[in-house]
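To start, the structure itself, in structure tokens.
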Amino acid sequence: MDAKEFKDGLAALRGMRDEIKKAERALNKLYGKRDRQIKTVAAYDEAKADRIAPAAGLSVKDIVDLAPHLASQPTAAEAQQPTGAPADTAVESGAVPPPMTPVDLQPADTTTPPSTPAADEQGPVESSPSQPPTAEGAAPTAAAHAPESPGAPAPRELPTIPDGEAGDRWFTVASNLLSQRPDFTQRPRPAVFLDATTGDLVHGDRRSRLDLGRASADEILTAVYAHVRDTTERIYITAGDPWHRDADRYPYLKDAVRAWLDAPMPGGWKVESQRGHDRLAGHFVPDRHGGTPVGRWERGHQHVEIRSVSEWFDPEGADVATIRHAFTLMWQNLKKDWPDLVLMGSPSQTGRDLWTRTIPTKAGARWTDGYPVMSDEIRQLLHATSGQGRTELITPPRVPEQLPQLYEFDRTLAYGKHTWASGVGAPRRVTAQSFASWSEKEQANALFAPSHWQVRITIPDDWNHVGILPSPVEGDRAWIYPHEAGRTFTTWAGGAEVNLALRNPITPWKIEILDGLLWESGTPLKEWSEKLKKAWSGLSAAATHAGTDELRQAYKLASRGVRSILLYGIGGFAQRPTTTTGQVPIGRESQIPNGATITSMTDDTVIWERTKMSRNPNAHPEWASGVWSAARAALLSTRAKNPDGQSVHVGALHLPPHSVVAFRTDAIYTTVMPNWPYNGEPGDYLLKGTMPHPVAAPTTESEFYTLQSLGRTLLQEEPPDRL
């Protein structure tokens with residue numbers, strides 16, 4: 001191929017790219033049109049989910065997700081059967097309570113606490129008029145201000161707390177379930193490190209080159225145990241991802257992973273059964289793309305697991321010996337504060353174990369008996385109403401089609417900045433009426449305390465910047481951040497984000513409190529996070545002064561491993577609910593367990609699904625939710641110190657309107673270069689990528705990640721003068 005053919009080929013690719021974009025947009029519009037049509041026909045009094053599903057080419061569950069009211073309707077088959085009892089019209093415990101009179105929070109300027117209207121025994125406090133009611137007397141909805149555009153994600157209904165005593169019963173703790181300091185020491189599990197691409201194996205101070213064949217699980221175990229002791233219990237794969245070897249033979253990557261894990265084991269291995277304090281057994285197959293699997297096998301008295309070091313950090317092509325050295329450095333630094341330290345299989349497991357070893361034991365100290373776990377209902381509510389990092393791509397016309405330049409700023413160890421206070425004990429319920437009865441000071445204190453609120457938000461009519469509070473939507477995105485001036489929507493948000501909406505540096509948003517959870521403030525994560533941040537800081541500093549490239553990379557990877565312990569440890573507190581499924585014959589629906597929902601049906605079988613919380617003594621979604629909320633708020637506005645010690649404002653809301661192109665968890669992508677200080681402290685904004693020349697605004701995730709990669713490469717090649 002000559003240069004002209006290459007150039008023509010690129011032109012052809014660009015044409016295909018544009019055609020694909022156009023087809024994707026048309027398909028998304030068609031999906032949106034279909035979903036709206038489903039909602040329209042679902043409004044018919046006799047509509048049934050199992051009648052709509054085949055017409056739409058979707059499952060019954062998909063239909064119920066779009067039209068939740070159909071979940072309580074009988075199926076078409078059931079509707080044809082006579083019944084001897086009248087229809088049950090009682091409101092279930094999870095139903096939306098009757099509308100309550102909300103309170104309009106009126107914030108003052110950013111130098112004083114938010115001024116909130118209250119009605120106490122000494123008379124009402126003046127407040128600004130609320131939005132005019134609709135014909136039905138309800139507050140206006142988002143659609144009244146910002147009609148949904150074609151193809152926009154459909155709103156997702158969030159759970160609410162039942163009214164009255166039914167909801168008050170949620171505000172308890174789980175019986176006989178406490179986070180307590182362990183009375184045992186973890187048993188170390190000898191590990192080796194294997195590059196599945198080259199066959200290089202490092203065990204102790206020895207190195208071997210293995211013939212892995214086609215790198216099946218059985219071939220890996222056979223080759224490894226020919227060189228190491230039978231007491232080896234963990235094999236870390238540093239490169240090669242052998243579980244992806246047959247990915248092209250399966251429609252989904254997880255199917256290829258499952259096939260690799262479940263392949264025959266001629267060597268006599270079988271899937272491991274439950275054992276030990278970890279209670280971990282069996283294989284783990286991630287649902288999401290990019291997740292790493294864990295394979296666990298046993299043979300007689302031998303136990304082994306195969307897992308990837310990418311759970312801890314991106315190896316970045318490091319040699320297998322360098323990676324083992326990184327684990328050694330990580331262990332040495334953490335052992336200074338945890339003498340009984342054992343590095344477990346993943347950073348999440350390690351983080352949880354290290355945290356339990358900071359639970360107070362001093363006689364008379366608060367919580368020495370253990371931290372109580374919230375009720376199942378509160379944990380499920382927090383799981384459903386608390387997102388994690390903010391992920392948003394802002395496209396034209398909200399940003400210019402041609403960006404003058406693009407910069408990536410990422411908050412260093414952001415979550416570690418927000419662990420100084422968390423909610424402890426059983427939460428207190430704060431209804432709209434209760435909140436309205438408090439003084440302004442009491443309201444302000446509640447919003448600054450560890451808390452989680454159901455709120456109705458109205459964006460100011462002159463707003464022209466990014467959104468502040470999350471709103472739930474259907475689909476993979478889960479959350480969006482409405483920004484349209486005058487829009488009204490209802491959501492749940494942490495106290496940190498509600499405070500930011502009230503006290504943001506541009507103009508206050510109108511917030512109406514509908515319900516809330518308020519905790520006593522404590523410091524359950526402080527000691528744990530301070531120790532981890534100290535180890536991270538020491539390893540990061542050592543990386544800058546290391547004498548060789550190999551040692552520098554080992555320290556760098558070790559610091560990232562400690563970072564993962566902190567980040568994934570916090571995520572581990574969130575505890576996702578477990579889902580079980582089952583089936584019953586048609587006509588025996590009474591056998592479906594309480595709390596289960598019908599997901600699909602065949603001619604003679606009903607398939608059900610039930611989600612519930614397990615009895616995990618270390619389940620504290622209130623802590624993870626609080627950290628995530630504070631981090632999302634700080635992404636928009638927080639403070640940093642200049643070298644002279646003076647505090648300055650940083651964050652997206654301190655950038656010009658229409659200059660923010662994207663958010664990625666703790667990173668901002670912007671078209672301007674702000675003069676934000678960086679001291680290497682948790683929460684500081686670090687410049688990680690730069691495109692100092694005009695580029696087309698990304699309109700797809702693929703285009704965005706291409707620019708992200710180019711920007712990081714350019715920064716390494718041509719660092720800006722200010723660095």
Side-chain angles (χ1 to χ4, degrees), residues 188-217 219-229 231-245 260 290-295 304-335 341 343-347 350 535-536 538-565 568 688 709 712-713 715-717:
R189 298 186 178 180
V192 297
F193 297 81
L194 174 67
D195 185 326
T197 301
T198 65
D200 287 328
L201 173 74
V202 171
H203 44 115
D205 58 355
R206 291 178 294 172
R207 186 180 187 121
S208 306
R209 174 64 65 89
L210 310 184
D211 180 1
L212 301 179
R214 297 191 66 245
S216 68
E219 288 171 313
I220 287 175
L221 294 177
T222 299
V224 168
Y225 279 104
H227 291 78
V228 305
R229 294 180 178 179
T231 53
T232 298
E233 296 191 38
R234 185 170 293 136
I235 300 172
Y236 279 116
I237 303 297
T238 65
D241 295 345
W243 38 82
H244 292 165
R245 64 174 188 160
W260 186 86
T292 57
V294 179
V304 64
E305 63 180 12
I306 296 179
R307 57 198 316 155
S308 173
V309 297
S310 62
E311 293 182 76
W312 292 84
F313 45 70
D314 180 357
E316 295 185 339
D319 181 75
V320 64
T322 301
I323 291 172
R324 181 189 180 277
H325 193 186
F327 273 78
T328 301
L329 293 171
M330 185 164 42
W331 178 81
Q332 290 172 341
N333 277 265
L334 290 172
K335 196 170 180 62
L341 166 74
L343 290 180
M344 303 178 72
S346 71
T350 305
W536 167 82
L539 290 165
S540 299
T544 63
H545 299 97
T548 66
D549 290 343
E550 183 275 334
L551 188 58
R552 184 179 303 110
Q553 189 172 30
Y555 272 115
K556 178 182 175 183
L557 296 179
S559 70
R560 291 183 176 179
V562 173
R563 173 183 179 272
S564 294
I565 292 175
Y568 292 119
K688 289 190 67 176
S709 178
R712 292 178 179 180
T713 300
L715 179 62
Q716 292 178 351
E717 296 175 349

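Keep in mind it's a predicted model, so treat the numbers as computed, not measured.
In this pair, Y236 and F193 present their aromatic rings parallel. The plane angle is below 30°, not in the 30 to 60° band.
The side-chain contact (heavy atoms from CB on, under 4.5 Å) search around S564 returns P347, Y568, not counting sequence neighbours. Scored by the side-chain contact (heavy atoms from CB on, under 4.5 Å) test, K335 finds W331, L341 as partners (sequence neighbours excluded). Residues satisfying the side-chain contact (heavy atoms from CB on, under 4.5 Å) criterion with R229, sequence neighbours excluded, are T231. E311 pairs by the salt bridge (charged side-chain N to carboxylate O under 4.0 Å, His left out) definition with R307, not counting sequence neighbours. Every residue meeting the salt bridge (charged side-chain N to carboxylate O under 4.0 Å, His left out) condition with R214, not counting sequence neighbours, appears here in chain and number order: D246.
A donor-acceptor contact shorter than 3.5 Å links the side chain of D195 to the backbone of T198. Side chain of R560 to backbone of W312: no donor-acceptor contact under 3.5 angstrom is found. The backbone N or O of A215 sits less than 3.5 Å from a side-chain atom of E219, completing a donor-acceptor pair. With T232 contributing its side chain and P190 its backbone, the two residues share no donor-acceptor pair below 3.5 Å.
Side-chain contact between R209 and D200 is present, with heavy atoms from C-beta onward closer than 4.5 Å. Here the side chains of L212 and L194 are in contact, with some heavy-atom distance below 4.5 Å. Counting heavy atoms from C-beta on, the side chains of L201 and V228 come closer than 4.5 Å. Residues R207 and V320 have side chains in contact (heavy-atom distance under 4.5 Å, counting atoms from C-beta outward). Counting heavy atoms from C-beta on, the side chains of I306 and I220 come closer than 4.5 Å. Two residues are said to be in side-chain contact when any heavy atoms from C-beta on lie closer than 4.5 Å; I323 and P315 meet this criterion. Within the 4.5 Å cutoff, the side chain of L221 has heavy atoms near those of the I235 side chain. Residues L715 and R712 have side chains not in contact (no heavy-atom distance under 4.5 Å, counting atoms from C-beta outward).
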Side-chain atoms of residues 538-546: list all donor-acceptor pairs with protein atoms under 3.5 Å, sequence neighbours left out, distances to 0.1 Å.
unit_1: S540; atom_1: OG; unit_2: W536; atom_2: O; d: 2.9
unit_1: T544; atom_1: OG1; unit_2: A541; atom_2: O; d: 2.6
unit_1: H545; atom_1: ND1; unit_2: A541; atom_2: O; d: 2.8

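Interatomic distance, CE of M330 versus CZ of R563, reported as 13.5 Å (0.5 Å rounding). Note that the OG1 atom of T328 and the CG atom of L343 stand 9.0 Å from one another [nearest 0.5 Å]. Within the model, atoms NZ of K556 and CG of D549 stand 11.0 Å from one another, a figure rounded to the nearest 0.5 Å.
Taking each heavy atom of A326 and F313 in turn, the nearest pair found is CB-CZ, 4.4 Å. Taking all atoms of both residues into account, the shortest heavy-atom contact from V294 to E305 is CG1-OE1, 4.0 Å. I237 and P242 make their closest contact through CG2-CD, 3.9 Å (heavy atoms, listed as atom of the first residue, atom of the second, distance). The two residues H203 and H227 come nearest to each other via the heavy atoms CE1-O, 3.4 Å. Closest non-hydrogen pair, L557 versus A318, comes out as CD1-CB, 4.0 Å. Nearest heavy atom pair, residue R245 against residue W260, reads NE-CD1, 3.6 Å.
Within 6.0 Å of CG in D211 there are 12 or fewer heavy atoms belonging to other residues, nucleotides or ligands.
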Set out, in order, the CA-CA distance, both residues' side-chain angles and the distance that settles side chain to side chain contact (heavy atoms under 4.5 Å, CB included) for D319 and V202, then state yes or no.
CA-CA 10 Å; D319 181 75; V202 171; 5.6 Å; no
